[in-house]
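Shown below is the structure under consideration.
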Amino acid sequence: MTNTIPSPDLLARFIAIVGARNAVTDLPAQAPYLVESRGLYKGTTPVVLKPGSVSEVSAILKLATETGTAIVPQGGNTGHVAGQIPRPDAGDIVLSLERLNKIRAVDPVGNVIVADAGCILADIQTAAEEHGRLFPLSLGSEGSCRIGGNLSTNAGGTAVLAYGNMRQLCLGLEVVLPTGEIWDGLRRLKKDNTGYDLRDLFIGAEGTLGVITGAVLKLYPQPAGHQVAFAGLNSVEDALVLFDRASSLCGPALTGFELMPRLGVEFTTRHIPGVRDPMDTLHAWYVLVDISTTDTAERAEQMMQDLLARGIEDGVVENAIIANSEAQRKSLWHMRESMSPAQKPEGGSIKHDVSVPVSSIPAFMAEADAAVLAAIQGARICSFGHMGDGNIHYNISQPIGADKETFIGRWREMNAIVHGIVLKYNGSISAEHGIGQLKRDELADIRPPIEIDLMQRIKHAFDPAGIMNPDKVLKSGR
Ligand SMILES: Cc1cc2nc3c(=O)[nH]c(=O)nc-3n(C[C@H](O)[C@H](O)[C@H](O)COP(=O)(O)OP(=O)(O)OC[C@H]3O[C@@H](n4cnc5c(N)ncnc54)[C@H](O)[C@@H]3O)c2cc1C
């Protein structure tokens, strides 16, 4: 079904639902809602609506279904695949969740927090901490991304190794369906085998099936011990050996295992204020190891020392430092999280958020590097990421002195090369950022037709009028 561009009368009906002060029609004020952080996608909208209650969301979606008006849900607008950006000149209405930002309840005994979908992730982390608990989702964008966006992209982040991604961190959801009906699935149960799991359909759906308005999220004990180390290595193969040792030695205490290349360390020290190389020796590769224990602080300390001693003994660790204060731990993580922004001043950067089975990472990277360098001489490959999850941000910076526009113009070609190798290793072309607009056409090419057909049927069952975030994830129309 095609969507209609709302007439002035219809727009007035939408605006009346939230009130004029919560409807943004002024172009400069709309600007922050219309472009994503990388500037690849820009859209337009007749209005940004900011509902202040679940019933207002319900009224908006009901009217949208009745009139065939497209709705684009938006949280913090930090998504990397432009799922939150309206299409240009299509009449898409942006529905911002920013006013739905109340923490509804914290139950430290039951280890849950119930929150509106518009809560900022960092506020959830703080609320958990105030109750002596941990909400473990942690991303570079945590100061601005919102829980509904985290759920809708099934966000991963730095602690997936120990705690899983958003799907594993959520027990229940409240969702407004495209018809305006409200599904109250705010259950707090770890065990609930009662038919199809509707919650899991909405998580990772990127706003194409309904609007998430509330969630029950899992909390964990605050760690008693926390250790972060930075190790210099000679190769990705050595990093894999160290990861294997770390998994055996630490078990669930291994919270993060992040891989970084020398080039990434150079970019961050060059461009990110306050970041400095923590070592006075040079290494081809680095890993950041994060260990947290809930019983004693000493156990984390002992584990980290044992792991690094073993790595040195095995000849895979060339040099290592252990952070000796919270400030140092934060600064090591800051360097890792700055890898992506530090690429910007280096010119154009073609990104790939991919995953392969962990044991295939060295072979995948060697093959991808060779293919990329054969295609673009002098390309600067800055591949880093959550090695423990098999998730590599395989980013390519333009050759020094190259023309940025020409380089970025080769985005699709480089995607085809890198993703082809990912698929050869039975990997995924989107490990944590989703599909959105950026990877929509590729999704249709790489998933078997039966899977695309099942997705289309699910979409149609939930959203027969085709109003929810059209042309994201799947192409509109059947
Ligand atoms: C510096 C930086 C670091 C990042 N690091 C990571 C990382 O480590 N791991 C990771 O997974 N991601 C990461 N991201 C990507 C991004 O932060 C996540 O995808 C985040 O979960 C998106 O949340 P958001 O509120 O900004 O969502 P938005 O960008 O606003 O929206 C994302 C998608 O969700 C939909 N949506 C939003 N809210 C709702 C809702 N309430 N109901 C239904 N649909 C909704 C939108 O339509 C869109 O399709 C990073 C981004 C940045 C800028």
Side-chain angles (χ1 to χ4, degrees), residues 32-38 41 43 48 51 54 57 61 70-86 92 94-101 115-122 124 137-160 165-167 169 173-178 201-215 256 258 272 333-334 336-344 351 353 355 384-386 389 391 393 430-440 462-463 468-473:
Y33 300 89
L34 301 180
V35 60
E36 39 77 48
S37 63
R38 290 174 181 165
Y41 287 86
V48 178
V54 177
V57 176
L61 294 198
I71 299 291
V72 180
Q74 194 176 102
N77 189 12
T78 67
H80 277 330
V81 291
Q84 72 282 13
I85 300 299
D92 296 358
V94 174
L95 191 153
S96 168
L97 274 293
E98 67 193 57
R99 289 180 64 230
L100 285 182
N101 60 1
D116 284 356
C119 287
I120 289 184
L121 172 56
I124 299 290
L137 185 75
S138 176
L139 319 176
S141 55
E142 63 200 21
S144 45
C145 63
R146 295 174 189 270
I147 289 302
N150 299 146
L151 286 160
S152 299
T153 56
N154 188 23
T158 56
V160 171
N165 49 22
M166 206 49 177
R167 201 180 288 285
L169 297 176
L173 286 182
E174 175 188 76
V175 180
V176 178
L177 303 177
L201 279 175
F202 292 106
I203 298 175
E206 301 182 48
T208 59
L209 300 180
V211 176
I212 298 173
T213 48
E258 304 284 316
I272 306 292
W333 267 113
H334 180 53
R336 158 62 189 89
E337 282 170 352
S338 303
M339 291 272 137
S340 192
Q343 280 187 279
K344 226 173 187 168
K351 320 256 187 197
D353 160 42
S355 62
F384 60 89
H386 318 292
D389 312 326
N391 177 193
H393 297 297
S430 187
E432 51 179 18
H433 297 155
I435 297 297
Q437 304 188 57
L438 185 68
K439 296 183 179 171
R440 186 200 61 198
F462 278 80
D463 180 23
M468 284 309 311
N469 219 358
D471 283 330
K472 313 293 171 55
V473 184

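Order of listing sets the numbers, starting from 1, for every ligand and every atom in it.
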Residue part near ligand 1, for V72, under 4.0 Å between non-hydrogen atoms: neither
Ligand 1-proximal atoms of L97, by part, heavy-atom distance under 4.0 Å: side chain
Atom 24 (P) of ligand 1: which protein heavy atom is closest, and how many Å away? G76 N, 3.4 Å
Going by the atom numbers of ligand 1, which of them fall below 4.0 Å from some non-hydrogen atom of G207? 43 (C), 44 (N)
What atoms in ligand 1 come closer than 4.0 Å to a heavy atom of N469? 47 (O), 49 (O)
Selection from E206, Q437, H393 by shortest heavy-atom distance to atom 49 (O) of ligand 1: E206
In ligand 1, which numbered atoms sit nearer than 4.0 Å to a non-hydrogen atom of G79? 26 (O), 29 (O)
Does the plane of the ring in H393 sit parallel, tilted or perpendicular to the ring in F384? Use 30° and 60° as the thresholds. tilted
N165: partners by side chain to side chain donor-acceptor pair (under 3.5 Å), with sequence neighbours left out: none
closest protein heavy atom to atom 35 (C) of ligand 1 is S152 CB, 3.7 Å
Heavy-atom distance to atom 41 (N) of ligand 1: which of I212, V211, I435 wins? I212
Run the salt-bridge test on E206 and K472 with the 4.0 Å N-O cut-off and return the result as yes or no. no
Of N150, L100, L137, the residue with the heavy atom nearest atom 21 (O) of ligand 1 is N150
Among C145, S141, G140, which one has a heavy atom closest to atom 23 (O) of ligand 1? C145
Option whose closest heavy atom lies nearest to atom 19 (O) of ligand 1, chosen from N165, V473, T153: T153
Within a distance under 4.0 Å of any heavy atom of Q74, pick out the atoms of ligand 1 and give their elements. 30 (O)
By number and element, which atoms of ligand 1 are closer than 4.0 Å to a non-hydrogen atom of R146? 24 (P), 25 (O)
